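Sequence lines set the chain letters: A, B, ... in the order given, protein chains first and strands last, and positions in each chain run from 1. Note that the structure is predicted; figures quoted are calculated from it, not measured.
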Number of protein chains: 2
Amino acid sequence: MSWRKDQGRAERGYHHGNLKEALLQAALDLISKKGPAGFTFADAARMAGVSPAAPYRHFRDRDELIASIAQRGFEQFESLLTQAWDDGRPDTVSAFERVGKAYLAFAREEPAFYSAMFESGLPVDSNPTLMAASERAFAIIRAAAERLAALAPPGTPRPPAMMMALHIWSMSHGVASLFGRGDAARRKLPMSPEDLLEAEVLIYLRGLGFLTDRRPGTDAADDKPAGEKAGPWGKPK
Amino acid sequence: MSWRKDQGRAERGYHHGNLKEALLQAALDLISKKGPAGFTFADAARMAGVSPAAPYRHFRDRDELIASIAQRGFEQFESLLTQAWDDGRPDTVSAFERVGKAYLAFAREEPAFYSAMFESGLPVDSNPTLMAASERAFAIIRAAAERLAALAPPGTPRPPAMMMALHIWSMSHGVASLFGRGDAARRKLPMSPEDLLEAEVLIYLRGLGFLTDRRPGTDAADDKPAGEKAGPWGKPK
DNA sequence: CGGCTCATGTAAAAGCCGTTCACATGAGCT
DNA sequence: AGCTCATGTGAACGGCTTTTACATGAGCCG
């Protein structure tokens with residue numbers, strides 16, 4: 001049966017058997033409850049049912065645990081973005097918007113990961129593998145921007161994909177961190193963060209010359225079916 | 001002479017005489033050096049030359065000190081933005097861009113204030129006077145957006161000023177917090193955060209129908225549609 | 001000037017945390 | 001069976017936050 005190495009505080013021998021995993025899980029819980037600053041190493045150990053010194057067999061120090069979480073976060077983030085982008089199907093623009101929504105959804109649904117990744121205060125370049133994971137996640141956005149840039153309307157200068165990607169990233173992060181989660185979400189808004197970001201991205205894309213109204217027949221290279229006549233901020237009255 | 005109540009560790013009697021101010025100053029130093037997490041109450045006390053218990057005569061706890069700093073930060077921030085906006089002189093669009101630059105400059109030059117304001121992890125609504133200060137600062141951006149919205153080209157639906165303001169804020173905060181300061185600034189970029197934000201805002205404004213080229217002779221009076229010549233990202237090759 | 005009072009500072013202590021080190025345990029291999 | 005080494009424990013150190021009882025002296029009042 002499974003009485004042996006259950007997670008949590010089930011009776012166990014001298015050795016935990018799965019401590020590293022249990023610690024990561026506990027840390028996620030704690031960070032999502034009390035923020036990356038409020039999380040303590042000792043608490044995580046307690047929650048895993050081991051002594052305060054035990055975690056040091058698995059992580060050099062508290063920062064390394066947080067870095068591990070950030071690392072995992074970037075991996076899940078990358079996977080989520082990849083899935084949202086879906087290689088640009090069914091059309092580049094709408095896939096692009098889906099990526100924006102996925103960004104926000106991640107920040108909202110995995111606040112612990114998101115804080116560890118972007119708000120834990122640990123230097124980006126402290127851990128090379130961490131930076132690599134971060135760059136792989138960003139690469140998705142960049143690849144999407146690349147495809148989008150290639151669709152630039154003829155006659156207009158083609159925007160640098162890297163710049164577009166950075167712009168999209170900063171918008172997404174800005175919305176997520178100001179309005180997206182927990183404490184910050186308490187700022188009163190006339191619209192949801194999702195709608196706010198979507199409008200922002202659409203206006204931006206239009207500024208680059210992309211036709212994002214998606215009225216029938218006005219779309220440049222896309223075959224997206226008919227949408228609204230309304231602009232990116234809903235129906236003007 | 002001025003041997004009496006000099007700042008720092010100069011000889012002093014039993015009473016410091018200006019401890020509250022000294023603590024705020026010390027905290028600013030420490031936060032800018034080690035981030036809002038690395039800052040300790042005891043360190044600030046030491047730096048001011050008093051015992052670790054002394055600060056409690058002036059601040060309920062560590063969080064209240066940080067909140068005080070955030071408060072001051074918002075006040076300076078508001079003043080800086082007001083000055084940058086300069087009531088929309090000499091013209092709305094360029095004043096608007098100046099506000100964006102001022103935002104970034106504040107984040108870069110006052111990282112301690114900026115972290116206390118946006119990254120300290122304390123709930124926005126913990127302190128009503130703090131939230132009020134924050135709202136006064138945002139009101140500048142909002143007022144600028146209002147003026148800008150009023151200039152919307154005829155024939156296009158007028159964008160909601162509040163939404164514009166939130167968009168600008170999220171772009172500015174996104175760029176500042178991802179690329180603007182200290183650790184985050186180590187991400188390698190093809191351009192400066194300032195240029196990145198300026199381009200982002202210009203493209204966004206163009207997406208709203210504002211003509212932002214501002215080369216001599218191509219301004220609003222011109223009949224040429226925006227975006228034909230040099231874009232906001234410089235000369236395409 | 002003398003004395004009172006109260007804001008402001010100190011010392012000491014409790015409780016927490018991170019971290020280290022010597023030591024215990026027992027899982028897995030030979 | 002016995003060895004070994006990864007993994008966990010207990011105790012200890014120093015530092016931080018916060019509280020409490022006590023000390024100091026600046027400002028005021030007569």
Practice item. For residues A/Phe118 and A/Phe74, establish whether the separation of their ring centroids is below 6.0 Å. Key: yes

Review point. Taking the side chain of B/Asp43 as its heavy atoms from C-beta onward, which of D/dC16, D/dG8, C/dC17 lies nearest to it?
Key: D/dC16

Check your understanding: Should the heavy atoms of other residues, nucleotides or ligands under 6.0 Å from CZ of A/Arg147 be counted, would the total exceed 12?
Key -> yes

Practice item. Please state how far atom CZ in B/Arg60 lies from atom P in D/dT17, giving the value in whole angstrom units. Key: 16 Å

Check your understanding: OP1, OP2 of C/dC17 versus side-chain N and O of A/Arg46: anything below 4.0 Å?
Key -> yes

Revision key, fill the gap. Between CG of A/Asn18 and P of D/dG8 the distance, given in whole Å, is 10 Å

Point to revise | Among D/dT19, C/dT10, C/dG18, the one nearest B/Tyr56 by side-chain distance | key: D/dT19

Exercise for review: Using atom types as modelled and distance alone, determine if a side-chain donor or acceptor of B/Arg98 lies under 3.5 Å from a backbone N or O of B/Ala84.
Suggested key: yes

Point to revise | Length of the line joining B/Asp61:CG and C/dG15:C1', which is rounded to integer Å | key: 17 Å

Practice item. Could you work out which one of C/dG18, C/dC21, D/dT19 sits closest to the side chain of B/Ala53? Key: D/dT19

Point to revise | Whole-Å gap separating P (C/dG9) and NZ (B/Lys20) | key: 12 Å

Check your understanding: A/Phe41 CZ to D/dG8 P: how many Å, rounded?
Key -> 12 Å

Check your understanding: Would you say the base of C/dG18 and the side-chain of A/Arg62 have a donor-acceptor pair closer than 3.5 Å?
Key -> no

**Study point:** d(CG, B/Leu30; C1', D/dC16) in whole Å
**Key:** 14 Å

Exercise for review: Round to the nearest Å and state the distance from A/Leu19 atom CG to D/dT7 atom C1'.
Suggested key: 9 Å

Exercise for review: Ignoring backbone atoms, establish whether B/His58 has a side-chain N or O less than 4.0 Å from OP1 or OP2 of C/dA7.
Suggested key: no

Exercise for review: Would you please indicate yes or no on a ring centroid separation below 6.0 angstrom for A/Phe106 and A/Phe77?
Suggested key: yes

Point to revise | Minimum-distance nucleotide (side-chain atoms of B/Ala42 versus D/dG8, D/dT19, D/dC16) | key: D/dC16

Study note, to complete from the structure: Taking C/dC17, D/dT17, D/dT9 as options, the one with an atom nearest any side-chain atom of A/Ser51 is D/dT9

Review point. B/Arg57 CZ to D/dT20 P: how many Å, rounded?
Key: 11 Å

Exercise for review: Identify whether the distance between the nearest side-chain nitrogen and carboxylate oxygen of B/Glu78 and B/Arg142 falls below 4.0 Å.
Suggested key: no

